[in-house]
Amino acid sequence: MSSDKDFIKQITKRSDDFSRWYTDVIKRAELADYTTMKGMMVIRPYGYEIWEHIQSNLDKMFKDTGHKNAYFPLFIPESFLKKEAEHVEGFAPEVAWVSFGGDEELEERLAVRPTSEAIICSMYSKWIKSWRDLPVLINQWANVVRWEKVTRPFLRTTEFLWQEGHTVHESAEDAQSETLRMLNIYKTFAEDYLAIPVISGMKSEAEKFAGAESTYAIEALMPDGKALQAGTSHNLGQNFSKAFNIRFETRDQNLEFGWQTSWGVSTRLIGALIMVHGDDSGLVIPPRVAPLQAVIVPISRGNWKETVLPEAQKLFSSLKEAGIRVYLDDRDTYTPGWKFSEWEMRGVPVRIEIGPKDIEKGQVVLVNRINREKSFVEIGNLMIELNNLLEKIQKDLFEKALKYRKDNTVTNKTLNDLAQTIEEKRGFVRSGWCGSPDCEAKVKEKTAATIRVIDNKKESGINKCLVCGKDSTDTVIFAKSY
RNA sequence: CGGGGCGUGGCUCAGUCUGGUAGAGUAUCGGUUUUGGGAACCGAGGGUCGCAGGUUCGAACCCUGCCGCCCCGACCA
């Protein structure tokens, strides 16, 4: 960040201690707060508002592709969870159980959903009888609970908010194209709205979702060089339909099990957004999902309440009317300088200053959160200039993140090179891989890096497995992950 | 689950080694002067030091146990 001064004193510098910086920003910007229970955080209004913007934009994308929302129960009977063997095995260690209702012990324990495949599939088996019932395209916005050992606000909490889509299709091909369609929606959303560049691709067998046929993911690179899985889309094949007996009569009058998908993103996206765009002054929120896109700070001198404030109020009304998410900070308990720092810390993309000098000249001052660049614009041009600036910030944030990712993506041909890269600077590493789980495990053992995605873009020069040297079937991205 | 750190006004922390009247900064409240990058001064309120037990004339400080949080590693959105 091109700052000569650090105006914010209560945030650990990002370069000093990235983890501390992360939690400092969350607390200071009032995105979330810790409770007395481990791993349980409160999402405060300012943080929740970011989630609401994520929700509303994604929800529209889901609806535009034919999906509907529904809501399924929080509790899942133990017997349901156990129906799909791989699924229960994968989730068992992190399921919270309810065994009492009031003071009566339940005959069957209830799981607090760690994900809803089991309960949803149990209903689908009732609802789906014919090919005419398909596809079923349902999404739910919900909370889930996973008893994680290590928690961090937004990135991994015991309870978190997400959406989970659960679809059923007539054919393997339909399920596969749905899987990829949703993966693509996630990618588009991450890049266009959150301004976070992601790589997408399939997961290896070792990394796939418990119970899936195949898992696809979008992965983002964080500023500390670690990868963050930002969304997943699973092709469930017939694994669950067989376990839950979801059968339908086909067009040619046979009985067949449904072909399913499931896909989700969570409040973790907020964590990604904080890390990717933030700086030493605090948050930087991309305009499209920012609770506030602009804040007006009237310069309080002399009788400013009679002179400056009315002008500021006019600005506020007109911007608000034009659909800008804007706030007028007319508090007289704080100085302008204090407010500047405060709103920077909270990541508002544009600050609008208006003072006596500006009114004289018929102008206002726009300040870009990314670089504190000031521009003086005529009041008449404010709307157009502000919109331009917001778009520019949205774009610049993406470009900056993309550049960072490019600068931190390297190609390594040997395990030693990979180990060195991970040791020295982390980042994404492209390599060849023969597809063997053994080779994958060796990499993990030696470097702690895992295959984030298999992105089958053939790259010249990568044609051998970095471990065993055999011909590589896949080009993969390795990274240390969150 | 292993390693490390920490728990003292709302917040950040000093004080613990070497036991002896609980401190600072900040925030809050009242007042005056201020206000183009976290303003200055004056005044005020607010904690029994994570919990439980022990040693002692006396414990924030020493001992034992417990709880919680944070960070780093093995598992996970």
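Quick note on labels: first sequence line is chain A, next is B, and so on, each numbered from 1. Basis for what follows: all heavy atoms, side chains included, without hydrogens, waters or symmetry-related copies. Bear in mind the structure is a predicted one, so any value in this text is a computation, not a measurement.
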Going by the salt bridge (Lys or Arg N to Asp or Glu O under 4.0 Å) test, which pairs reach into residues 147-168 of chain A, not counting sequence neighbours? none

Contact class for A/Thr157 vs. all strands (heavy atom < 4.0 Å): base, sugar-phosphate, or nothing? base

A/Thr23: partners by side-chain hydrogen bond (donor to acceptor under 3.5 Å, both in side chains), with sequence neighbours left out: none

Distance check, P atoms only: B/rG36 and B/rG45, in whole angstrom units. 32 Å

Point-to-point distance, once rounded to the nearest 0.5 Å, from CG of A/Leu283 to CD of A/Glu344: 11.5 Å

Just say parallel, tilted or perpendicular for the rings of A/Phe209 and A/His234, cut-offs at 30° and 60°. parallel

CZ/A/Arg426 to CG/A/Asn408 distance, rounded to the nearest 0.5 angstrom? 11.5 Å

Check whether any side-chain N or O of A/Thr335 sits under 4.0 Å from OP1 or OP2 of B/rA39, and answer yes or no. yes

Here the residues of residues 287-300 of chain A within 4.0 Å heavy-atom distance, strictly under, of RNA chain B are A/Ile299, A/Ser300

Taking any strand in view, what nucleotide pairs with B/rU16 in a Watson-Crick or G-U wobble way, both distances under 3.5 Å? none

Distance check, C1' atoms only: B/rU18 and B/rC61, in whole angstrom units. 10 Å

Going by the salt bridge (Lys or Arg N to Asp or Glu O under 4.0 Å) test, which pairs reach into residues 295-307 of chain A, not counting sequence neighbours? A/Lys305-A/Asp332

Nearest-Å distance once atom C1' is located in both B/rU48 and B/rG58: 15 Å

Look at the side chain of A/Val367 and decide which nucleotide, out of B/rG36, B/rG37, B/rC75, has an atom nearest to it. B/rG37

B/rC29 - base-pair partner by Watson-Crick or wobble geometry, distances under 3.5 Å: B/rG43

How far does the P atom of B/rG5 sit from the matching atom of B/rC51, given to the nearest Å? 22 Å

In Å, rounded to the nearest 0.5 Å, how long is the span from CG of A/Leu386 to CD of A/Gln293? 8.0 Å

Which parts of residues 262-275 of chain A get close to RNA chain B, meaning a heavy atom less than 4.0 angstrom away? A/Ser266, A/Arg268

Any strand is fair game: report the nucleotide pairing with B/rC62 by Watson-Crick or G-U wobble, both distances under 3.5 Å, or none. B/rG54

Approximate separation, where rounding is to 0.5 Å, of A/Thr450 OG1 and A/Lys480 NZ: 10.5 Å

Looking at B/rG36, B/rA74, B/rG37, which one has an atom nearest to any side-chain atom of A/Arg372? B/rG37

Could you check which residues of residues 352-362 of chain A get a heavy atom under 4.0 Å from RNA chain B? Sort them by number, please. A/Glu353, A/Gly355, A/Pro356, A/Lys357, A/Asp358

Expected rows: protein N/O vs nucleotides 27-31 of chain B N/O, under 3.5 Å:
none

Output every pair passing side chain to side chain donor-acceptor pair (under 3.5 Å) with a member in residues 181-202 of chain A, not counting sequence neighbours, ordered by first then second residue. A/Gln163-A/Tyr186, A/Glu178-A/Arg181, A/Lys187-A/Glu191

With rounding to the nearest 0.5 Å, note down the distance linking CG in A/Leu236 to CH2 in A/Trp263. 12.0 Å

Give me the distance, rounded to whole Å, that separates B/rG47 from B/rU8 when you measure between the P atoms they each carry. 15 Å

Applying side chain to side chain donor-acceptor pair (under 3.5 Å) as the test, list every pair that has at least one member in residues 49-62 of chain A; sequence neighbours left out. A/His53-A/Arg325, A/Asp59-A/Lys63, A/Asp59-A/Asn69, A/Asp59-A/Trp141, A/Lys60-A/Asp64

Across all chains, not counting sequence neighbours, the ring-ring contact (aromatic ring centres under 6.0 Å, His included) partners of A/Phe316 are none

Mind checking the C1' distance from B/rC66 to B/rG7? Whole angstroms is fine. 14 Å

My understanding is that a pair needs two contacts under 3.5 Å, Watson-Crick or G-U wobble. By that rule, which nucleotide pairs with B/rG7? B/rC67

Nucleotide opposite B/rC75 in a Watson-Crick or G-U pair, distances under 3.5 Å: none

When we call it a touch if two heavy atoms are under 4.0 Å apart, what does A/Leu155 touch: a base, just sugar-phosphate, or nothing? base

Every protein N/O within reach of nucleotides 71-73 of chain B N/O, cut-off under 3.5 Å:
| residue | atom | partner | partner atom | Å |
| --- | --- | --- | --- | --- |
| B/rC71 | OP1 | A/Arg152 | NE | 3.4 |
| B/rC72 | OP1 | A/Ser19 | OG | 2.8 |

Pair A/Tyr124 and A/His166, ring centroids less than 6.0 Å apart: no

Nearest-nucleotide pick for A/Arg156, side chain only, options being B/rC76, B/rG36, B/rC75: B/rC76

Using a cut-off of strictly less than 4.0 Å, decide whether A/Lys374 has a side-chain nitrogen or oxygen near OP1 or OP2 of B/rG36. no

Polar pairs (N or O, both sides) under 3.5 Å between protein and nucleotides 41-47 of chain B?
none

Could you say whether the aromatic ring of A/Phe160 and the base of B/rA77 stack, counting only centre distances under 5.5 Å and plane angles under 30°? yes

